[in-house]
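Per chain, numbering begins at 1; letters A, B, ... match sequence-line order.
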Amino acid sequence: MKKIRFTINGEVRECEVEDDERLLDLIREDLDLRGTKEGCGQGECGACTVLLDGKPVVSCLTLAVKVNGREVTTIEGVSKKGKLHPVQEAFIEKGAVQCGFCTPGMVMALVPFLSENKDPAREEVRKAIEGNLCRCTGYEKIVDAAIYASKKMREVER
Amino acid sequence: MSIRVEIPNTLSELWELLSYEGARIIAGGTDLMVRIRAKVEKPSLLVDIVRLPEFRLFENREDIFSIGATLTHAELLKKDLPGVLHDAISTIGSPQIRNMGTIGGNICNASPAGDSILPLYLYDANVVLLSKNGERRVPIGEFIKGPGKIDFRKGEALLKIVFTNKYKDYKYIFKKIGKRVAMTISVVSMGLIFKLENDIIKDIKIAYGAVSPTVVRIREAEEYLKGKPIEDKVLEEAKSIIQKNISPIDDIRATGEYRREVAGNLIFLLKDAYGKL
């Protein structure tokens with residue numbers, strides 16, 4: 001067992017974790033944050049995507065001990081004061097959610113991408129979510145939502 | 001099944017941990033974690049080296065590159081790398097995988113399909129291994145001995161990769177053929193750097209991935225092409241030389257026959273590139 005101290009969704013937490021525990025299990029089982037999903041468990045599908053120091057990583061291949069002293073953001077941490085993130089709003093408004101299993105991972109891949117790329121082309125959005133599989137194959141609406149979200153985010157900044 | 005995991009903060013901690021039986025270095029974990037979960041690898045101790053600053057240095061001084069082993073693919077894509085290396089790294093995995101995986105990890109996995117490895121063969125890169133006894137420098141082609149096999153000695157860690165870019169004015173091509181564009185392992189990959197003078201190939205270096213037990217340079221084809229124009233009948237001959245110098249196998253991704261045909265055809269990309277010069 002190892003003791004780790006890290007920030008999750010803005011809150012500092014101290015946890016005891018197994019040496020070889022995955023970040024995914026720390027998030028879902030120990031911290032009971034069930035928004036992050038386990039798909040393939042091999043880093044191929046992106047369903048377990050979270051942000052580590054602001055960058056998307058797959059939590060199924062990340063050891064929990066690695067996040068000691070660092071900052072983790074999960075899907076539960078992207079809304080602020082009960083208000084959904086523009087990416088989340090865009091997914092709802094554009095019907096980019098079918099079964100919903102890939103949605104948290106898609107959102108977590110898009111949030112940092114859209115904060116760096118204010119006016120992306122569709123092709124750039126596709127590249128940003130190349131590590132996320134949608135088994136309903138609803139990619140077109142997901143790309144629509146990302147483009148729409150970028151518009152919303154530009155308006156908020158103005 | 002619990003595996004002990006340690007994250008050293010100093011080199012002296014690292015040397016002590018590496019002296020234990022069954023110790024295995026982990027960096028990004030994008031390959032090793034999958035293999036551990038599949039029980040293909042059963043290390044008793046994982047030593048995570050990503051917090052050691054010595055392994056994270058990047059230098060490009062007068063075209064002598066020194067690339068720290070635990071720099072991630074995403075970090076390297078923001079550096080001023082030779083184009084063929086930049087393009088090869090950009091084809092690796094997905095944004096998530098590129099934020100985690102490291103160039104040193106890609107090399108130490110020693111996959112014949114390792115995308116960042118291929119350009120390093122073109123530049124005759126050396127890897128620098130560090131142990132408590134000092135540094136050891138080995139050409140990449142000698143360090144990688146076969147699929148998953150490297151010249152690693154007990155107590156060593158891959159510190160950095162060094163090479164000189166003597167070919168700054170060369171054009172390059174990198175092409176990866178996979179089952180899809182993202183998150184895919186190369187079925188065949190080809191990288192080349194070349195220089196033309198008066199429409200004649202003055203110099204060329206050619207490397208292939210996923211068609212032999214390791215990445216390979218096709219020196220016979222390089223020699224053949226030097227001094228020749230980029231024409232169909234020249235490229236046909238180069239294709240047959242390339243096909244003679246590779247030993248592709250059948251696996252879940254493709255047949256050996258397919259790989260051999262595609263590998264040979266890829267040299268015709270020279271013609272496309274030439275048309276755009």
Side-chain angles (χ1 to χ4, degrees), chain A residues 1-4 17-25 36 38-70 105-106 108-114 116-117 123-133 139, chain B residues 1-9 17 22-52 70 72-75 77-78 90-102 105 178-185:
Chain A
M1 297 289 276
K2 293 270 186 306
K3 193 173 252 181
I4 59 168
V17 296
E18 296 284 347
D19 278 35
D20 59 357
E21 184 171 335
R22 302 178 302 172
L23 177 59
L24 176 64
D25 298 319
T36 305
E38 173 161 19
C40 68
Q42 299 182 21
E44 303 259 354
C45 78
C48 67
T49 300
V50 299
L51 307 186
L52 183 54
D53 295 335
K55 292 181 188 136
V57 299
V58 282
S59 58
C60 71
L61 299 183
T62 303
L63 287 165
V65 289
K66 264 181 183 280
V67 307
N68 190 23
R70 301 174 72 182
M106 289 283 181
M108 297 317 283
L110 285 169
V111 165
F113 169 74
L114 292 175
E116 279 179 27
N117 299 273
E123 200 46 45
E124 293 171 306
V125 171
R126 286 199 188 95
K127 184 95 181 139
I129 56 169
E130 69 182 6
N132 296 75
L133 295 179
Y139 295 104
Chain B
M1 80 150 244
S2 190
I3 302 165
R4 184 180 162 205
V5 180
E6 297 295 342
I7 308 179
N9 287 307
L17 289 163
R24 180 90 158 74
I25 292 173
I26 185 167
T30 53
D31 282 293
L32 190 51
M33 287 287 285
V34 176
R35 291 210 297 272
I36 288 170
R37 286 184 62 78
K39 300 190 165 53
V40 179
E41 299 224 21
K42 295 167 187 162
S44 52
L45 167 63
L46 284 176
V47 183
D48 185 321
I49 61 170
V50 300
R51 297 224 171 178
L52 294 166
T70 63
T72 65
H73 304 307
E75 284 167 339
L77 289 176
K78 291 184 179 155
S90 74
T91 68
I92 294 174
S94 62
Q96 291 91 325
I97 298 300
R98 290 192 292 274
N99 279 330
M100 301 167 69
T102 65
K179 304 298 271 188
R180 63 185 190 114
V181 176
M183 268 323 292
T184 197
I185 293 173

K.L.:
Check whether A/Leu133 gets within reach of chain B through its side chain, its backbone, both or neither, counting any heavy atom under 4.5 Å.
P.N.:
side chain

K.L.:
Do A/Val125 and A/Leu110 make a side-chain contact, defined as non-hydrogen atoms from C-beta onward lying under 4.5 Å apart?
P.N.:
yes

K.L.:
Determine the minimum heavy-atom distance between B/Thr184 and B/Val181, stating which atoms define it.
P.N.:
CG2-O, 3.7 Å

K.L.:
Only pairs at least two apart or in different chains count here, so list each side chain to side chain donor-acceptor pair (under 3.5 Å) that has a residue in residues 40-54 of chain A.
P.N.:
A/Thr49-B/Gln96, A/Asp53-A/Arg70

K.L.:
Pick from A/Lys66, A/Lys55, A/Lys2: which one has the most heavy-atom pairs with chain B under 4.5 Å?
P.N.:
A/Lys66

K.L.:
With a 4.5 Å cut-off on heavy-atom pairs, point out which of B/Asp48, B/Ile7, B/Asn99 contacts chain A the most.
P.N.:
B/Asn99

K.L.:
Kindly compute the distance separating CG (B/Leu52) from OG1 (B/Thr70), expressed to the nearest 0.5 Å.
P.N.:
7.5 Å

K.L.:
Side chain, backbone, both or neither: which part of B/Met100 has a heavy atom under 4.5 Å from chain A?
P.N.:
side chain

K.L.:
Non-hydrogen atoms of chain A under 4.5 Å away: do they reach the side chain of B/Thr72, the backbone, both or neither?
P.N.:
neither

K.L.:
Any ion pair linking B/Arg4 and A/Asp19 (charged N to carboxylate O, less than 4.0 Å)?
P.N.:
no

K.L.:
Got a sec, which residues hit salt bridge (charged side-chain N to carboxylate O under 4.0 Å, His left out) with A/Glu116, two or more places apart in sequence or on another chain?
P.N.:
none

K.L.:
Can you say whether B/Ile26 sits under 4.5 Å from chain A via the side chain, the backbone, both, or neither, judging by heavy atoms?
P.N.:
side chain

K.L.:
By a 4.5 Å heavy-atom criterion (distance strictly below it), what part of A/Arg126 contacts chain B: side chain, backbone, both, or neither?
P.N.:
neither

